Undergrad: 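Have a look at this one.
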Amino acid sequence: MNTAILLAGGKSRRMGFDKRFIEIEKKTMVDYQVEKLYKTFSRVILVTDDKTLFLNCSCEVIQDEFEGIGVLGGLYTGLKHSTSIYNYVLACDMPVINYNYIDYMRNLLQKSLKEYDGLVTKYGQWIEPFNAFYHKNFVYPLKHGIENGQKRLSLILKSCDVLYVEEEIARGFTSDWEMFTNLNSADDLKKYLQNEEYVMNIS
């Protein structure tokens with residue numbers, strides 16, 4: 001469980017500019033996340049649709065093997081290049097990294113008597129596909145889904161053996177759900193930058 005996969009593709013249509021280069025504490029969003037991830041993972045893999053944008057990145061940068069299919073292709077590419085059994089996966093627009101929750105998920109997997117395809121958090125009846133762990137062998141159902149035109153990770157997970165953390169348990173680590181915050185729009189970014197509680201939770 002020593003590998004983190006950071007997915008940094010997408011067109012940032014709702015944001016209006018490339019959110020991968022939002023500045024946080026005088027660093028780009030991606031550089032900020034990579035630095036934080038290295039505090040608890042020994043290997044960080046950045047999967048992107050354009051490697052030339054990250055020539056100076058301090059982690060390993062890998063070109064997405066699939067063009068234009070989003071999360072599924074990026075996750076497949078990251079897991080394919082990883083040597084870890086379980087891999088922590090985060091999206092590049094999620095600046096809040098909760099180390100306590102990462103340790104909690106690691107502990108669940110270490111204590112389990114079986115291996116799961118993934119460890120994912122529920123939000124009511126929905127799931128949070130990021131801030132999650134995925135088994136390296138999850139590449140096989142991902143590839144099958146991609147080849148069959150599937151575009152939703154949640155539907156692929158429904159056919160797999162997944163360990164879920166219920167929302168009420170997760171809220172013990174993140175009462176306001178801040179560790180699942182996505183900066184999808186300018187309003188999201190404004191709220192994040194103005195909210196001191198978010199800043200406290202990522203330090």
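None of these values were measured; they are calculated from a predicted model. We use all heavy atoms of the structure for the numbers below, so side chains are in, but hydrogens, waters and symmetry mates are not.
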Undergrad: Are the side chain of Ser159 and the backbone of Ile156 linked by a donor-acceptor contact shorter than 3.5 Å?
TA: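 Confirmed, Ser159 side chain pairs with Ile156 backbone.
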Undergrad: Please enumerate all residues that pass salt bridge (charged side-chain N to carboxylate O under 4.0 Å, His left out) together with Arg152, with sequence neighbours excluded.
TA: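 Arg152 satisfies salt bridge (charged side-chain N to carboxylate O under 4.0 Å, His left out) with no residue once adjacent residues are dropped.
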Undergrad: Phe133 and Leu163: side chain to side chain contact (heavy atoms under 4.5 Å, CB included), yes or no, with the steps?
TA: CA-CA 10 Å; Phe133 277 90; Leu163 178 60; over 6 Å; no
Undergrad: Could you go through the side-chain hydrogen bond (donor to acceptor under 3.5 Å, both in side chains) check for Thr121 and Tyr101 one step at a time?
TA: CA-CA 11 Å; Thr121 304; Tyr101 194 61; 2.6 Å; yes
Undergrad: Could you walk me through whether Asp31 and Cys57 pass the side chain to side chain contact (heavy atoms under 4.5 Å, CB included) check?
TA: CA-CA 7 Å; Asp31 287 339; Cys57 190; 4.1 Å; yes
Undergrad: Counting neighbours of NZ on Lys143 that are heavy atoms of other residues, nucleotides or ligands and sit closer than 6.0 Å, is the number greater than 12?
TA: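 For Lys143, atom NZ is not crowded (no more than 12 foreign heavy atoms under 6.0 Å).
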Undergrad: Would you say Asp161's side chain and Tyr116's backbone share a donor-acceptor pair under 3.5 angstrom?
TA: no
Undergrad: Quick check against the 3.5 Å criterion: does Thr77 have a side-chain atom that pairs as donor or acceptor with the backbone of Gly73?
TA: yes
Undergrad: Considering non-hydrogen atoms only, spot the tightest contact between Ile45 and Gly78 and give its length.
TA: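 Smallest interatomic distance, heavy atoms only, reads CD1-O, 4.1 Å.
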Undergrad: Decide yes or no for Thr181 and Met94: does some side-chain heavy atom of the first lie under 4.5 Å from some side-chain heavy atom of the second?
TA: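 Not in contact.
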Undergrad: Looking at every non-hydrogen atom in both residues, tell me the closest pair between Val44 and Cys59 and how far apart they are.
TA: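 Shortest heavy-atom separation between Val44 and Cys59 comes out as O-CB, 3.3 Å.
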Undergrad: In terms of ring plane angle, is the pair Tyr88 and Phe41 parallel, tilted or perpendicular, where the classes change at 30° and 60°?
TA: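 Judged by the thresholds at 30° and 60°, the geometry between Tyr88 and Phe41 is parallel.
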Undergrad: Looking at every heavy atom in both Val34 and Ser58, which two are closest together, and how far apart are they?
TA: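 Shortest heavy-atom separation between Val34 and Ser58 comes out as CG1-OG, 3.4 Å.
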Undergrad: Is any side-chain heavy atom of Asn98 closer than 4.5 Å to a side-chain heavy atom of Tyr104?
TA: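 Of all side-chain heavy-atom pairs linking Tyr104 with Asn98, none is under 4.5 Å.
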Undergrad: What I'd like to find out is whether the side chain of Phe66 reaches to under 4.5 Å of the side chain of Leu72, using heavy atoms alone.
TA: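 No, every pair of side-chain atoms sits at 4.5 Å or beyond.
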Undergrad: Tell me every residue that passes side-chain hydrogen bond (donor to acceptor under 3.5 Å, both in side chains) with Asp50, counting only those two or more places apart in sequence or in another chain.
TA: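 side-chain hydrogen bond (donor to acceptor under 3.5 Å, both in side chains) list for Asp50, sorted by chain: Thr52.
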Undergrad: Identify, with sequence neighbours excluded, every residue that meets salt bridge (charged side-chain N to carboxylate O under 4.0 Å, His left out) alongside Glu115.
TA: none
Undergrad: Surrounding CD of Glu168 (heavy atoms of other residues, nucleotides or ligands, distance under 6.0 Å), is the total greater than 12?
TA: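 Check fails, neighbour count at 12 or below.
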Undergrad: Can you list the residues that meet the side chain to side chain contact (heavy atoms under 4.5 Å, CB included) rule with Lys39, with sequence neighbours excluded?
TA: Lys36, Tyr99
Undergrad: Taking Gln33 for its side chain and Ile97 for its backbone only, find out whether a donor-acceptor pair lies under 3.5 Å.
TA: no
Undergrad: Ignoring hydrogens and geometry, is there a side-chain-to-backbone donor-acceptor pair from Lys136 to Leu79 under 3.5 Å?
TA: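 Yes, the answer is positive, given that a donor and an acceptor are paired below the 3.5 Å cut-off.
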Undergrad: Who are the side-chain hydrogen bond (donor to acceptor under 3.5 Å, both in side chains) partners of Asn2, not counting sequence neighbours?
TA: Ser42, Ser84
Undergrad: List the atom of Pro95, the atom of Met29, and the distance in Å for their closest heavy-atom pair.
TA: CB-SD, 3.9 Å
Undergrad: Compare all side-chain heavy atoms of Leu108 with those of Val165 and state whether any distance is below 4.5 angstrom.
TA: yes
Undergrad: Let me know which of Leu153, Ile5, Val162, Leu142 forms a side chain to side chain contact (heavy atoms under 4.5 Å, CB included) with Tyr134.
TA: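 Looking at Leu153, Ile5, Val162, Leu142, the match for Tyr134 under the side chain to side chain contact (heavy atoms under 4.5 Å, CB included) is Leu153.
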Undergrad: Within a radius of less than 6.0 Å around CG of Asn107, do more than 12 heavy atoms belonging to other residues, nucleotides or ligands occur?
TA: yes
Undergrad: Any side-chain heavy-atom pair from Thr28 and Phe54 closer than 4.5 angstrom?
TA: no
Undergrad: With rounding to the nearest 0.5 angstrom, report the CE to CG distance, Met1 to Asp103.
TA: 11.0 Å
Undergrad: Could you give the distance from CE (Met179) to CG (Leu90), rounded to the nearest 0.5 Å?
TA: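 One gets 11.0 Å once the value is rounded to the nearest 0.5 Å.
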Undergrad: Which pairs pass salt bridge (Lys or Arg N to Asp or Glu O under 4.0 Å) with one or both residues in residues 73-92, sequence neighbours excluded?
TA: Glu65-Lys80
Undergrad: Evaluate whether atom OH of Tyr123 has more than 12 neighbouring non-hydrogen atoms of other residues, nucleotides or ligands under 6.0 angstrom away.
TA: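 No, not enclosed.
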Undergrad: Examine distances only and state if a side-chain atom of Glu60 and a backbone atom of Leu46 form a donor-acceptor pair shorter than 3.5 Å.
TA: no
Undergrad: Do Phe138 and Asn87 touch side chain to side chain, with heavy atoms closer than 4.5 Å?
TA: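 Of all side-chain heavy-atom pairs linking Asn87 with Phe138, none is under 4.5 Å.
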Undergrad: Are any non-hydrogen side-chain atoms of Tyr86 and Leu119 less than 4.5 angstrom apart?
TA: no
